[in-house]
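Lettering follows sequence order; numbering is per chain, from 1.
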Amino acid sequence: MPASAATQLIDKLQPATRLLAHYDANARALPWRRPPGSPPPDPYVVWLSEVMLQQTTVATVKPRFRRFIQRWPTIEGLAAAEDEAILSEWAGLGYYARARNLIACAREVVRRGGFPQTESELRSLPGLGEYTAAAIAAIAFGEQATVIDTNVARVIARYHGIDRPLVEARADIRVLAEGMTPPDRAGDYAQAMMDLGATICRPKQPDCPNCPLSSECQAWATGSPERFPAPKVKAARPHRHGLAWWIERDGAVWLVRRPAKGLLGGMAALPGPEWGEESPPQPAAATISHGFTHFTLDLHIVSKAEPLAEGWWQPIDRMNEAGLPTLYAKAVQAMLSRKEALAA
DNA sequence: TAGTCGTGGTT
DNA sequence: TAACCAAGACT
């Protein structure tokens, strides 16, 4: 190898090497985190963790992940479980399409006799997009896949001085990220990049003096690294109103299951009509406010005598087993608090 | 490609 | 308080 080529290779690997050294010394504890040199983690564990971690913080995921693994230690067990059991276990975690895809993916993997081991094949499984397929390929199978989440995109944008919004710079960031990905320790490198973005190269107030990449970072060189990349413009959230029926009899409340697709798809719920723009005319026994990603909601709860729609009686003292998403858990809590106040 | 899809913590 | 943000996927 010519000396110049060798020098170029070292230059290319240098940031990754420094990043890995920093990671070895500072890594946060993650569900599948193991000491350096350990055998690769169980693909089932990596897959479940990564799906849970989509748009969800590590702190939120940790206890939920433990419950899932305890209840379903293997993917065969998960694939054999009832849909409702899995959706209930997911209740409160949000983005319920993930749980529906989790079910479909588990059954497909079992049908195939195990996880595919390449990024491109993983990509074909339900719920595994660009990020998650690459993460599993790198972490569970050691493939030199380039893993890009919002953390990595921000790190790359700053390192290379890209100040356009991420949506515009997406293709450039991928090329640059692929150029930095080292051939070895694929999983550790992927986690090191994400960890750097989460703990040092933060969106606001990045801790550049402690960053192992600061010496060549173009954003740091400008003196205002937090300006990279440009913030994305987001639309204002409209406000909606909804109505939910409180139908109580003999210490139980009538619950229904929402349609399989769409908002809160497949989840347990209080019955009620579709939500709209106008506040319903009935006087509500309680009203709760809830924020979704793209709108806010006032849910008005009104008492009603007779059950309607297909559903079941859920005993109030076992309401925590109903698998209610947070919106309806808040509604139930509001009604029970009100009842307690009236009784006092 | 831009909209849909949750929730809770941080600032 | 309101905005911002999180190990994104899907249509």
Engineer: Do the side-chain N or O atoms of A:Thr326 get closer than 4.0 angstrom to the phosphate oxygens (OP1, OP2) of B:dT7?
Structural biologist: yes
Engineer: Let me spell it out: for each of A:Val167 and A:Lys204, pick the nucleotide of DNA chain B with the closest heavy atom. Which residue's pick is nearer the 5' end?
Structural biologist: A:Val167
Engineer: What is the distance from CZ of A:Arg237 to C1' of B:dT4, rounded to the nearest Å?
Structural biologist: 14 Å
Engineer: Under 3.5 Å, is there a donor-acceptor pair linking the side chains of A:Glu248 and A:Trp246?
Structural biologist: yes
Engineer: Nearest to the side chain of A:Gln54, which nucleotide is it out of B:dC5, C:dA9, B:dT7?
Structural biologist: C:dA9
Engineer: I want to check one thing: is the phosphate of C:dG8, taken as OP1 and OP2, less than 4.0 Å away from some side-chain N or O of A:Gln55?
Structural biologist: yes
Engineer: Indicate, with yes or no, if the rings of A:Trp312 and A:Trp254 have centres closer together than 6.0 Å.
Structural biologist: no
Engineer: Tell me: CG of A:Asn101 to C1' of C:dT11, nearest whole Å?
Structural biologist: 12 Å
Engineer: Want to settle it: does A:Glu130 or A:Thr57 sit nearer the 5' end of DNA chain C, counting the closest nucleotide to each?
Structural biologist: A:Thr57
Engineer: Taking the side chain as C-beta and beyond, is there a heavy-atom pair between A:Phe295 and A:Phe292 under 4.5 Å?
Structural biologist: yes
Engineer: When you match A:Ala235 and A:Tyr95 each to their closest nucleotide on DNA chain B, which lands nearer the 5' end?
Structural biologist: A:Ala235
Engineer: For A:Thr56, answer base if it contacts any base atom (sugar-phosphate contacts may also be present), sugar-phosphate if it contacts only those atoms, and nothing otherwise; contact means non-hydrogen atoms under 4.0 Å.
Structural biologist: base
Engineer: Has the side chain of A:Thr293 got a donor or acceptor atom sitting under 3.5 Å from an opposite partner on the base of B:dG6?
Structural biologist: yes
Engineer: Quick one: is the NZ or CZ of A:Arg258 closer than 6.0 Å to the six-membered ring centre of A:Trp275, and within 45° of its axis?
Structural biologist: yes
Engineer: Can you tell me the distance, in whole Å, between the CZ atom of A:Arg98 and the C1' atom of B:dT7?
Structural biologist: 9 Å
Engineer: Are A:Asn151 and A:Arg154 linked by a side-chain donor-acceptor pair shorter than 3.5 Å?
Structural biologist: yes
Engineer: Mind checking A:Pro231 for me? I need base, sugar-phosphate or nothing, with any heavy atom below 4.0 Å counting as a touch.
Structural biologist: nothing
Engineer: I want to verify a distance call: between B:dC5, C:dA6, B:dT7, whose nearest atom is closest to the A:Leu263 side chain?
Structural biologist: B:dC5
Engineer: Using the rule side-chain hydrogen bond (donor to acceptor under 3.5 Å, both in side chains), only one of A:His290, A:His239, A:Arg237 pairs with A:Thr296; which is it?
Structural biologist: A:His239
Engineer: Round to the nearest Å and state the distance from A:Ile136 atom CD1 to C:dG8 atom P.
Structural biologist: 13 Å
Engineer: Are OP1 or OP2 of B:dC5 and a side-chain N or O of A:His294 less than 4.0 angstrom apart?
Structural biologist: yes
Engineer: I need the CG-C1' distance between A:Leu93 and B:dC5, as an integer number of Å.
Structural biologist: 14 Å
Engineer: Taking atom P in both C:dT11 and B:dG6, what distance in whole Å separates the two?
Structural biologist: 14 Å
Engineer: As a test of reading the structure: which of B:dT7, C:dC5, C:dC10 is closest to the side chain of A:Pro325, going by heavy atoms?
Structural biologist: B:dT7
Engineer: Would you tell me if any nitrogen or oxygen in the side chain of A:His290 comes within less than 4.0 Å of OP1 or OP2 on B:dG6?
Structural biologist: no
Engineer: For the side chain of A:Thr150, counting heavy atoms from C-beta on, which of B:dT7, C:dA6, B:dC5 is nearest?
Structural biologist: C:dA6
Engineer: In whole angstroms, how far is the C1' atom of B:dG6 from the CG atom of A:Leu264?
Structural biologist: 8 Å
Engineer: In this structure, how many angstroms lie between the C1' atom of B:dG6 and the CG atom of A:Leu299, rounded?
Structural biologist: 15 Å
Engineer: Select base, sugar-phosphate, or nothing to describe what A:Gly265 touches, counting heavy atoms under 4.0 Å on all strands.
Structural biologist: nothing
Engineer: Rounded to whole angstrom, note down the P distance from B:dC5 over to C:dC5.
Structural biologist: 22 Å
Engineer: Calculate the interatomic distance between A:Leu166 atom CG and B:dA2 atom C1'; express it in whole Å.
Structural biologist: 16 Å
Engineer: If we count only N and O atoms by modelled type, under 3.5 Å, do the side chains of A:Thr287 and A:Asp298 hold a donor and an acceptor together?
Structural biologist: no
Engineer: Mind checking if A:Arg154 touches a base, just sugar-phosphate, or nothing, with heavy atoms under 4.0 Å?
Structural biologist: sugar-phosphate
Engineer: Look at the side chain of A:Phe292 and decide which nucleotide, out of C:dG8, B:dT7, C:dA6, has an atom nearest to it.
Structural biologist: B:dT7
